[in-house]
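The chain is numbered in sequence order, starting from 1.
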Amino acid sequence: MDNTTNSNSSRVREMSKVAVRFSGDSGDGMQLAGNLFTNVSAGLGNSVSTFPDYPAEIRAPQGSLGGVSGFQVSVGSGVHTPGDKCDVLVAMNPAALKQSYKFLNRGGIIILDIDSFKEDGLKKAAFTTDDPIRELGITAQVVEVPVTTLTKEALADSGMDVKAVLKCRNIFTLGLLCWLFDRPLESTLRMLREKFAKKPAVYEANAKVLLAGYDYGHNIHASVSTYSIATDEIRPGIYTDIKGNEATAWGLIMASEKSGRPLFLGSYPITPATDILHELAKRKDLGVKACQMEDEIAGICSAIGASFAGSLGVTSTSGPGLALKGEALGLAVMAELPLVVIDVQRGGPSTGLPTKTEQTDLNQALYGRNGECPLVVVAATSPTMCFDMAFEASRIAIEHMTPVILLSDAFIGNGSSAWRIPEADEYPEIKVPVIPAECRQAWQPYMRDADTLARYWALPGTEDGITHRIGGLEKNFDTGAISNDPANHARMIETRREKVARVADDIPLQEVLCDSPDADTLLVGWGGTFGHLYTAAEELNRDGYPVALAQFRYIQPLPANTGEILRRYRRVVVAELNTGQFADYLQSRFPDVRIERINKIEGQPFMVSEIVDRIKKQN
């Protein structure tokens with residue numbers, strides 16, 4: 001919805017949602033400006049969705065096309081994606097304009113730091129004329145702002161050197177956008193004060209520049225549209241803007257609280273998962289032990305050791321690290337210990353595209369170990385859902401005594417959404433499978449719960465001399481001693497497989513969204529593509545193409561009603577950011593269902609229009 005009204009002073013566009021893209025050099029602070037704008041909007045009751053688009057090169061030359069860093073955010077009502085395109089583009093230099101103008105909606109606004117559009121900057125961005133707007137064929141409201149000059153003037157008496165002054169340019173543009181979208185400066189100033197609490201001089205400088213940008217907006221009010229954005233009906237509570245990796249860390253902490261088991265994270269830094277380690281390292285006040293290990297193998301082995309010792313053992317990584325953890329995962333399966341492995345997926349293979357998003361680790365999560373080595377695989381569908389699925393992965397790992405791989409991705413791990421901070425009583429207690437009193441006298445290391453087949457957790461220090469053997473060689477079904485007996489080996493393999501299969505009795509049935517009696521097409525996705533697929537399904541239904549959506553969070557095992565759902569529709573279309581790994585997995589489980597595919601492997605999330613166009617074309 002876009003209603004434009006005129007007044008004597010300005011044109012106000014009333015919109016249900018609006019998207020803004022910040023674009024500049026990786027050192028221009030686009031991520032900070034974008035995050036502050038997002039936080040302020042979330043505090044106003046807007047739903048938000050963000051997409052930080054980092055350059056893949058480390059220290060690309062300043063002003064070059066390869067060094068452009070972007071941050072796109074959509075705010076408003078009913079927001080599920082950062083938007084295929086933006087309504088306002090902030091371009092801090094010519095390279096940013098050239099790389100990002102294609103993301104601008106027709107009739108949108110471009111805000112340029114015109115001070116950077118000099119001969120040298122135009123040359124670095126490979127422009128051939130001195131008029132980049134005409135050269136690119138851009139038709140938009142272009143607002144040429146001397147951001148650099150005005151920032152220097154605002155801080156002329158600050159005593160700061162030129163380099164420090166230039167770092168404040170992003171806050172000038174933030175002030176301008178706060179005026180453009182009627183965002184309160186008080187909230188932005190409070191966030192700046194918190195960020196620079198230990199550097200009051202830096203805060204004062206940024207506060208002055210923020211006000212200068214806001215005032216500049218007032219001075220140009222007759223020449224550019226402003227925006228009035230709708231807000232959501234929201235459930236009462238305390239809201240904040242949260243990134244997926246932060247939500248993952250807090251979900252693990254909640255699981256530790258609800259299980260009574262101390263949380264241990266053993267990890268090695270790797271893009272884009274490192275923020276989980278950073279966040280948990282701050283939480284010594286909650287009893288969290290977070291250790292940066294020397295490599296990926298040490299990370300998972302330390303977590304297995306912590307699990308053996310009675311902690312909730314966790315390790316976090318991305319695709320290359322998951323490959324290195326494969327052998328130790330087999331040890332956790334053999335020992336039947338609770339372990340959570342978080343894989344924030346990125347483009348591969350090898351080092352691949354470290355800052356870009358894909359869903360290409362699914363096969364590795366399902367099958368990437370030697371021998372018959374079953375474990376549980378789940379996936380988060382949004383930044384806020386990372387909290388719930390981290391909690392759920394921990395619950396399953398503990399209650400079923402099995403490793404669990406939680407798949408996130410760079411899009412939702414780095415992206416953020418407005419999140420209502422939950423109350424503790426909204427989440428269930430996690431039942432730790434300690435040895436029942438009646439089993440203590442006859443206890444053996446692989447004595448199991450009859451329903452779940454989970455073995456009991458022999459916590460170190462348990463009375464009566466109860467201990468558990470650990471090691472990678474096959475174990476006797478009862479005693480846990482090393483066994484090479486063929487029949488015992490087969491029995492242990494079948495038991496471990498059945499234990500994972502029975503997790504299906506302890507997870508929710510698969511939901512179908514946007515369903516109607518007329519829907520004969522089922523759009524299927526998994527993990528972090530939810531926002532784009534849900535928005536596409538809504539748009540298709542509005543256009544007269546009845547489409548239902550099933551977005552999977554539980555992958556191994558699948559929800560019990562998966563087959564019934566797939567067989568209900570004439571067409572089943574699986575959309576995923578890989579070459580068809582989930583489609584292949586479903587096809588192998590349900591060979592009687594004909595599955596169509598929509599795949600993208602460009603290191604970028606789907607655009608809603610891509611899904612809509614493909615469904616319409618194939619209909």
Side-chain angles (χ1 to χ4, degrees), residues 35 52 194-195 240-318 321-322 324-325 328-329 332 337-346 378-380 382-398 403-410 412-417 419 421-422 424 427 430:
N35 277 314
E194 292 172 355
K195 178 172 180 59
T240 186
D241 168 61
I242 194 167
K243 292 182 179 180
N245 283 340
E246 293 172 328
T248 298
W250 283 95
L252 296 170
I253 293 171
M254 176 69 87
S256 175
E257 293 288 327
K258 288 293 184 175
S259 65
R261 294 288 90 205
L263 174 60
F264 175 90
L265 177 80
S267 286
Y268 181 74
I270 182 171
T271 302
T274 307
D275 283 345
I276 299 171
L277 173 59
H278 289 168
E279 185 64 25
L280 289 177
K282 302 173 187 176
R283 296 277 68 94
K284 293 179 181 178
D285 56 327
L286 298 177
V288 177
K289 297 180 178 67
C291 294
Q292 178 178 324
M293 307 305 292
E294 63 267 30
D295 55 38
E296 295 284 359
I297 298 171
I300 187 172
C301 288
S302 66
I304 291 172
S307 178
F308 179 73
S311 295
L312 170 56
V314 182
T315 188
S316 54
T317 190
S318 190
L322 185 61
L324 289 167
K325 295 179 190 293
L329 267 171
L337 286 167
L339 175 72
V340 176
V341 180
I342 301 159
D343 175 16
V344 187
Q345 299 167 94
R346 70 192 206 188
V378 299
S382 70
T384 55
M385 186 55 68
C386 286
F387 180 93
D388 289 330
M389 294 313 295
F391 180 89
E392 184 70 346
S394 302
R395 182 192 68 83
I396 292 172
I398 290 173
V404 178
I405 294 177
L406 168 58
L407 295 174
S408 176
D409 58 57
I412 60 173
N414 290 324
S416 61
S417 296
W419 181 57
I421 299 175
Y427 289 81
I430 295 177

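In this structure, Asn35 and Lys243 have side chains that are in contact, with non-hydrogen atoms separated by less than 4.5 Å. Put simply, the side chain of Leu339 does not reach to within 4.5 Å of the side chain of Val404, judged on heavy atoms. Side-chain contact between Val288 and Leu265 is absent, with no heavy-atom pair separated by less than 4.5 Å. In this structure the side chain of Val341 reaches within 4.5 angstrom of the side chain of Leu329, judged on heavy atoms. The side-chain heavy atoms of Phe264 and Ser302, taken from C-beta on, include a pair separated by under 4.5 Å. Put simply, the side chain of Lys325 reaches to within 4.5 Å of the side chain of Thr315, judged on heavy atoms. Contact of the Trp250 side chain with the Arg283 side chain is registered, since non-hydrogen atoms from C-beta on lie closer than 4.5 Å. Within the 4.5 Å cutoff, no side-chain heavy atoms of Ser256 are placed close to those of Leu252.
Thr240 places no side-chain N or O within 3.5 Å of a backbone atom of Ile242 that could act as its donor or acceptor partner. In this structure, the side chain of Arg346 engages the main chain of Thr271 through a donor-acceptor pair within 3.5 Å. The backbone N or O of Ala424 sits less than 3.5 Å from a side-chain atom of Lys258, completing a donor-acceptor pair. Checking side-chain atoms of Gln345 against main-chain N and O of Ser408 turns up a donor-acceptor pair under 3.5 Å. No donor-acceptor pair under 3.5 Å is formed between the side chain of Ser307 and the backbone N or O of Ala303.
Between Gly310 and Pro262 the shortest heavy-atom distance is O-CD, 4.0 Å. The nearest pair of heavy atoms linking Pro52 to Asn414 is CG-O, 3.3 Å. Ile412 and Ala380 make their closest contact through CD1-O, 3.5 Å (heavy atoms, listed as atom of the first residue, atom of the second, distance). Of all the heavy atoms in Phe387 and Gly251, the pair that sits closest is CD1-N, 3.3 Å. Heavy-atom minimum distance, Val344 versus Pro272: O-CD, 3.4 Å. When all heavy atoms of Leu286 and Glu257 are compared, the closest pair comes out as O-OE2, 4.4 Å.
No donor-acceptor contact under 3.5 angstrom links the side chains of Ser417 and Ser382, judged on distance only. In summary, the side chains of Glu296 and Thr317 do present a donor paired with an acceptor at a separation below 3.5 Å, with no hydrogens or angles considered.
Atom-to-atom distance recorded for Thr248:OG1 and Asp388:CG is 10.5 Å, nearest 0.5 angstrom. Atom CD in Glu246 sits 8.0 Å away from atom CG in Asp241 (nearest 0.5 Å). Taking SG of Cys291 as the start and CG of Leu277 as the end, the distance is 9.0 Å to the nearest 0.5 Å. Expressed to the nearest 0.5 Å, how far OG1 of Thr274 lies from CG of Asn245 amounts to 8.5 Å. Taking CH2 of Trp419 as the start and CD1 of Ile421 as the end, the distance is 5.5 Å to the nearest 0.5 Å. Here OG of Ser394 is found 4.5 Å from CG of Leu312. Values are rounded to the nearest 0.5 Å.
Partner of Asp343 under the side-chain contact (heavy atoms from CB on, under 4.5 Å) criterion, chosen from Leu406, Asp409, Leu407: Leu407. When Gln292, Met293, His278 are each tested for a side-chain contact (heavy atoms from CB on, under 4.5 Å) with Pro269, only one passes: Gln292.
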Step by step, would you call Leu263 with Lys289 a side-chain contact (heavy atoms from CB on, under 4.5 Å)? CA-CA 6 Å; Leu263 174 60; Lys289 297 180 178 67; over 6 Å; no
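Within a 6.0 Å sphere centred on NZ of Lys195, heavy atoms belonging to other residues, nucleotides or ligands number 12 at most.
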